[in-house]
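I have placed the structure first, in the form of structure tokens, so that the comments after it can refer back to it.
Note that these values count all heavy atoms, side chains included, but never hydrogens, waters or copies made by symmetry. Chain identifiers are assigned alphabetically (A, B, ...) following the order of the sequence lines, protein sequences preceding nucleic acid strands; residue numbering begins at 1 within each chain.
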Amino acid sequence: MAPISLTFPDGNSRSFDAGVTPADVAASISNSLAKKAISASVNGQHWDLQWPINEDASIAINTMQDDAPALELIRHDLAHIMARAVQELWPDVKVTIGPVRDNGWFYDFDREEPFTPEDLGAIEAKMKEIINAREPVKTEIWGRDEAIDYYNARNEPFKVELVNRIPEGEPLRMYWHGDWQDLCRGPHLQHTGQVPADAFKLTHVAGAYWLGDNTRPMLQRIYGVAFKNRKDLKAWETMMEEAAKRDHRKLGREMDLFHMQEEAPGQVFWHANGWKIYTTLQDYMRRQQERDGYVEVNTPQVIDRKLWEASGHWDKYQENMFIVEVDEEHAREKTVNALKPMNCPGHVQVFNQGLKSYRDLPLRIAEFGSCNRYEPSGALHGIMRVRGFTQDDGHIFCTEEQIGSETKKFIAFLAKIYDDLGFKDWTIKLSTRPEKRIGSDETWDKLEKSLGDACHAAGYDFEVLEGEGAFYGPKLEFTLTDAIGRTWQCGTLQVDSNLPERLGASYIGPDGAKHRPVMLHRATLGSFERFIGILIENSAGHLPFWLAPRQVVVASIVSEADEYVNEVVAALKAAGVRAEADIRNEKINYKVREHSLGKVPVILAVGAREVEEKTVTLRRLGQKQTAVKALNEVVAELSKDATPPDLA
RNA sequence: GCUGCUGUAGCUCAGAGGUAGAGCACUCCCUUGGUAAGGGAGAGGUCGAGAGUUCAAUUCUCUCCAGCAGCACCA
């Protein structure tokens, strides 16, 4: 055997025979390392302890101390262990695939009977048995025919399909966990006993299409989460509870913001409190847009299908549009209209009125555009994914040369708004040309470059999503991170020369000839409905004072203070603060509890003492301590808090 | 749309083949209480909709509607 040289993380090299495995290497260092080893990194690649190394390389032996490989292996091995447990319990269940994902893994099974919560318990128990048996993990390379025969003999059609999908020439690797075997890329742990038996949990079962294709059979997917130790699992459970507490559907009810009902699925009945958030946010956005050189317009809800045919939406999205048919008594033919699912064709109509000069460009048209889309029933989710919503939509008509500067301007606009709204952490993604597209490669080169350059010019970096652009142009996506680390894609900017073409938009250039403008579709919040949902979940209902629908409750402690309560409320209202009185015949404890649960940011308690001294006792939401302050001082302070950030 | 689960009072939930119950909220009475539930009384439901089985259905079966968790979708 030819010698090879392996370089360790400390820079030292040693010579081994070619074909040496990381397990051998670890054993050559120490017995304890050999036992503790879980995998290796060979030239930066995650490497199974059993895989041979045939050439010079850098190597590092991983142990459970190394978080990333440890978690990946634990979760991946658990996927196999779970599949084995399921087949031991129900031998006729067919196995498919089971990747690592998020905080755990899933595995898809084909089985007639649905898995029940009791089944999950049984599977978990069986998995623990397998872990405690410390079953060895072995790997071998099989021939294609051998694998297909094996799976055919075992009646595993999904596995046969997987084998057939693996490109010729790529080795087929099999992994054994004890005497149960699965086709798998690896790597895996040394034996099942390396998986912590007390740090995983099967969470739920749901349907999932085979290979993610909705024309293929639906399988049953079992999800699990797993960590290195019980403490991390507990932390995950706590985090889940925290997320549930923030659920905007729950808070929406508790704060009396909105409701939804059967007769209007996917549409929001905004209550006074919720609508106050909405209008406050909209007023704020309107000010930003005016400042940034937009003109605001409004376009019709119900538009003849002819326009949707011309824009191309009828062809592509008819299934998702609300169609309205009007059958007038004497009409020769029915008029078929659609509720607008988007605002862009309307904005092109506005642009097309009158001759436009190059001097008019860039023309920035904004609309708080109410749209209706017939979203699939299964997609609906609270106010986050709805059928009726309002976008903070805008279209910038400009020349190709102006794309860069307009993009830069928009990024600055969006950055200011996200900052004002309390989102400090957000990222940009650039989606580039997809397979199916229109326009020349030179045009795509130019457009992608101008978007990328604009990001850099605005001082931001971006991640590239290859092939994710729209068929008509590249796009930027703006994704913000919320207080508990979840991400939400909100803003977008898309370059489009297709729609101006289809709808015949043009302007007169300096040369006196007609030219085609390009159109930048852009939104910052996305939709008010979804964004308010995000605001609620981000803040757990503790909205910033200026956005809080109810800002102050002035609560009497004794009925002798009622009159003064009304005075305080009047003073606050005069200073632009949303204040209300609570002079019900209830104890202060009761009032504090109720308004705290209602997420009112400030409670001012007023008793005999305050009446006497012209003070109030202030208590802020989430704080236990109170402060006695002079009335005029509090009015000034709260009036300042109530001012939107752009007016402060 | 697909798979699975769910639908009982405003909210959270219990219940059983013989037409319903709790806590909170609501109304009234007593209580004037100093920072997260003071006490008492009262009112409130076509048990998601329709059909079927049955002497009898809110309970069992089917269909539909809506919600929830995923999947697929998201111009």
Backbone of A:T215 reached by a side-chain donor or acceptor of A:D213 within 3.5 Å: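 Yes; judged by distance alone, with no hydrogens or angles, the pair exists.
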Separation of B:A72 C1' from A:R216 CZ (nearest whole Å):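 Value for this atom pair: 15 Å.
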Whole angstrom value for the distance that separates P of B:A72 from CD of A:E319: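 Taking CD of A:E319 and P of B:A72, I get 20 Å after rounding.
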Just name whichever nucleotide pairs with [N], Watson-Crick or G-U, keeping both distances under 3.5 Å, else none.
N: B:A16; value: none
N: B:A56; value: none
N: B:G45; value: none
N: B:C68; value: B:G4
N: B:C28; value: B:G40
N: B:G23; value: B:C11

Euclidean distance for P, B:U58 against B:G50 (whole angstrom):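 About 10 Å, rounded to a whole number of Å.
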Nearest-Å distance once atom P is located in both B:U12 and B:G1: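 Per the computed distance, 25 Å lies between those P atoms.
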Sugar-phosphate, base or nothing in reach of [X], heavy atoms under 4.0 Å:
X: A:Y590; value: sugar-phosphate
X: A:V205; value: nothing
X: A:L597; value: base
X: A:G312; value: nothing
X: A:H313; value: base
X: A:K591; value: nothing
X: A:R101; value: sugar-phosphate
X: A:D213; value: nothing
X: A:Q391; value: nothing
X: A:F115; value: nothing
X: A:A555; value: nothing
X: A:P265; value: sugar-phosphate

When only distance counts, do a donor and an acceptor, one from the side chain of [X] and one from the base of [N], lie under 3.5 Å apart?
X: A:T617; N: B:G34; value: yes
X: A:T626; N: B:U35; value: no
X: A:E610; N: B:G34; value: yes
X: A:Y209; N: B:G1; value: yes

Would [X] and [Y] count as a cation-pi pair here, with the cationic atom under 6.0 angstrom from the ring centre and within 45° of the axis?
X: A:R437; Y: A:Y472; value: no
X: A:R111; Y: A:F115; value: yes
X: A:R101; Y: A:Y223; value: no
X: A:R216; Y: A:Y209; value: no

Counting just side-chain N and O atoms, does [X] come under 4.0 Å of either OP1 or OP2 of [N]?
X: A:S377; N: B:G1; answer: yes
X: A:R253; N: B:U12; answer: yes
X: A:R619; N: B:A36; answer: yes
X: A:H259; N: B:G10; answer: no
X: A:R249; N: B:A69; answer: yes
X: A:R584; N: B:U27; answer: no

5′-ward residue of the pair A:Y317/A:A605 relative to RNA chain B: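 Result of the comparison: A:A605.
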Pairwise 5' ranking along RNA chain B for A:H381 and A:L621, keeping only the more 5' one: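 Per heavy-atom nearest nucleotide, the more 5' residue is A:L621.
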Aromatic ring proximity A:F269/A:H259, centre distance under 6.0 Å: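 Between A:F269 and A:H259, the centre distance is under 6.0 Å.
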Pair A:Y278 and A:F528, ring centroids less than 6.0 Å apart: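 Yes.
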